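Written below as structure tokens is the structure these notes are about.
Please read these numbers as outputs of a predicted model, since none were measured by experiment. Letters A, B, ... are given to chains in the order of the sequence lines, protein chains preceding strands, and every chain is numbered from 1.
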Number of protein chains: 2
Amino acid sequence: MSHTYEYPRPALTVDCVVFGMDEGDLKVLLIQRGVEPFVGKWALPGGFVRMEESLEDAARRELAEEAGIRPSHLEQLYTFGEPSRDPRGRVVTVAYFALVKLSDHNVVHAATDAREAAWFSVWDTPKLAFDHSDVLATALQRLKGKVRYQPIGFELLPPKFTLTQLQRLYEVILERELDKRNFRKKILSMDLLEELDEVEQDVSHRAARLYRFDHKKYKQLEKAGFNFEL
Amino acid sequence: MSHTYEYPRPALTVDCVVFGMDEGDLKVLLIQRGVEPFVGKWALPGGFVRMEESLEDAARRELAEEAGIRPSHLEQLYTFGEPSRDPRGRVVTVAYFALVKLSDHNVVHAATDAREAAWFSVWDTPKLAFDHSDVLATALQRLKGKVRYQPIGFELLPPKFTLTQLQRLYEVILERELDKRNFRKKILSMDLLEELDEVEQDVSHRAARLYRFDHKKYKQLEKAGFNFEL
DNA sequence: GCAAAAGTGTTGCGAGTACACCCATGC
DNA sequence: GCATGGGTGTACTCGCAACACTTTTGC
């Protein structure tokens with residue numbers, strides 16, 4: 001055991017920005033804090049990293065514990081380590097970025113340890129604890145950038161979706177309107193969507209055809225040098 | 001002081017991948033380790049984060065201490081935290097990505113603490129300590145991706161450079177040849193280069209005109225919604 | 001029959017790519 | 001005078017953006 005171990009160390013946490021799409025509204029999962037500091041304030045789900053788990057495992061564990069959520073996409077976002085970011089002392093946090101299908105039974109059970117969990121529109125969140133507003137802003141930026149050149153948007157939709165749903169998703173994330181015909185042309189020409197023999201139900205107008213994203217085909221095309229774009 | 005502080009914590013380090021461009025060869029800075037583990041092996045410069053400094057400050061400090069280098073570009077790359085990545089125990093490292101102008105007096109003094117520092121071609125490095133090969137690979141990927149949509153390539157060149165130098169830089173990083181006329185047309189049309197009334201010296205052929213990258217103009221255009229691309 | 005959303009093609013423009021020759025300089 | 005790299009313009013292609021009307025369904 002080396003001498004380096006005798007120096008004081010920053011504490012290490014993970015925090016997760018979990019996005020979900022609810023009927024054309026982009027939501028983020030927040031937890032109401034039950035302990036000091038910032039008791040009662042809303043914050044990103046997260047917690048301390050244990051000695052024997054990887055960072056990603058820690059993120060998954062916290063999400064399961066605090067909200068009963070198993071994200072369909074999870075990636076590391078950024079590490080925040082300003083000395084003053086936590087009033088308790090030096091705490092460095094590795095932020096993760098997650099996408100979930102709200103359709104799944106990801107209906108957010110109340111958390112294990114008496115805190116509350118809830119979905120907020122990303123355009124209208126309360127003031128957050130710590131530097132979590134910065135973390136959220138960074139995550140939004142990442143989502144906006146990445147959705148255009150990687151097909152991660154599908155992780156926010158139910159397995160079967162209409163093209164209009166897909167278009168709305170892009171419009172909300174990119175914060176601009178898209179042309180219906182051009183959008184359909186582009187996305188269908190990539191040949192990544194499986195056209196199903198089903199239509200949406202219970203709508204009071206012409207029912208739209210349902211599609212499924214073909215993960216396998218995408219992996220194949222990707223290996224062959226194909227690049228998803230918008 | 002909360003109970004959370006009584007749990008054991010991972011140690012926290014920073015490691016830096018520093019790139020330099022040497023006459024058409026892309027180089028990375030490595031340090032020969034002077035202490036266990038991996039004594040004598042080559043590794044990325046780095047070290048433990050102190051309690052009172054930010055992560056970026058830690059990266060800058062280590063670069064100054066170990067190699068006397070002050071990078072012209074420094075950004076966070078990725079955080080590596082597999083429990084088994086360090087034989088001494090749990091060590092999480094925040095990797096940084098740096099670019100330096102080799103022309104500057106960044107000639108790598110021998111390091112402070114008896115270790116040696118040297119530049120290696122990125123295509124021909126020795127086996128590295130820890131998971132530093134993964135870190136290097138991640139950094140190369142980032143450089144390759146980022147150089148196309150952000151004008152960071154200039155941080156690898158001397159303040160005054162020729163268009164051919166610039167083109168070689170892109171060719172080396174992107175690992176493909178570019179067309180001279182198209183390259184010049186594109187880069188000049190962005191109006192980011194200041195055409196100087198000077199030419200390169202001491203070449204045994206027609207001397208090329210020198211240019212300078214206009215950082216100020218770029219910042220302005222960026223604010224106005226301009227996007228650099230290739 | 002009316003409201004509401006689904007579905008469907010064509011055209012013009014601009015950006016990217018491919019491509020070859022003469023010029024200036026040092027030796 | 002020859003070797004070495006510097007410097008320059010055009011034509012074709014393809015992808016992107018703009019744009020409006022008919023169809024289906026529920027009420």
On DNA chain C, nearest-nucleotide positions of B:Arg176 versus A:Leu163: which is more 5'?
A:Leu163
Using whole Å, what does the distance between atom [atom2] of nucleotide [N] and atom [atom1] of [X] come to?
X	N	atom1	atom2	value
A:Asn182	C:dT11	CG	P	15 Å
B:Tyr211	D:dG6	OH	P	12 Å
B:Gln165	D:dG5	CD	P	13 Å
A:His205	D:dT24	NE2	C1'	11 Å
B:Glu177	C:dC19	CD	P	13 Å
A:Lys185	C:dG9	NZ	C1'	7 Å
B:Glu229	C:dT17	CD	P	10 Å
B:Leu230	C:dT17	CG	P	8 Å

What is the ring orientation for B:Phe213 with B:His215, classed by angle as parallel under 30°, tilted 30 to 60°, or perpendicular over 60°?
perpendicular
Ignoring backbone atoms, test whether [X] places a side-chain nitrogen or oxygen under 4.0 Å from the OP1 or OP2 oxygen of [N].
X	N	answer
A:Arg181	D:dA18	no
A:Arg206	C:dG7	no
B:Ser204	C:dT25	no
A:Lys186	D:dC16	yes

Hey, is the main chain of B:Leu63 close enough, under 3.5 Å, to the side chain of B:Glu66 for a donor-acceptor pair?
no
Using a heavy-atom cut-off of under 4.0 Å over every strand shown, decide if A:Thr164 touches base, sugar-phosphate, or nothing.
sugar-phosphate
Regarding A:Arg184, tell me which of base, sugar-phosphate or nothing describes its non-hydrogen contacts under 4.0 Å with the strands shown.
base
The side chain of B:Asp179 lies closest to which of these nucleotides: C:dG7, D:dG6, C:dC19?
C:dC19
For A:Lys101 and A:Phe154 the tightest heavy-atom approach is NZ-O, 3.1 Å
Less than 6.0 angstrom separating the ring centers of A:Phe228 and A:Phe226, yes or no?
no
State whether a side-chain donor-acceptor pair under 3.5 Å links B:Asp124 with B:Ser121.
no
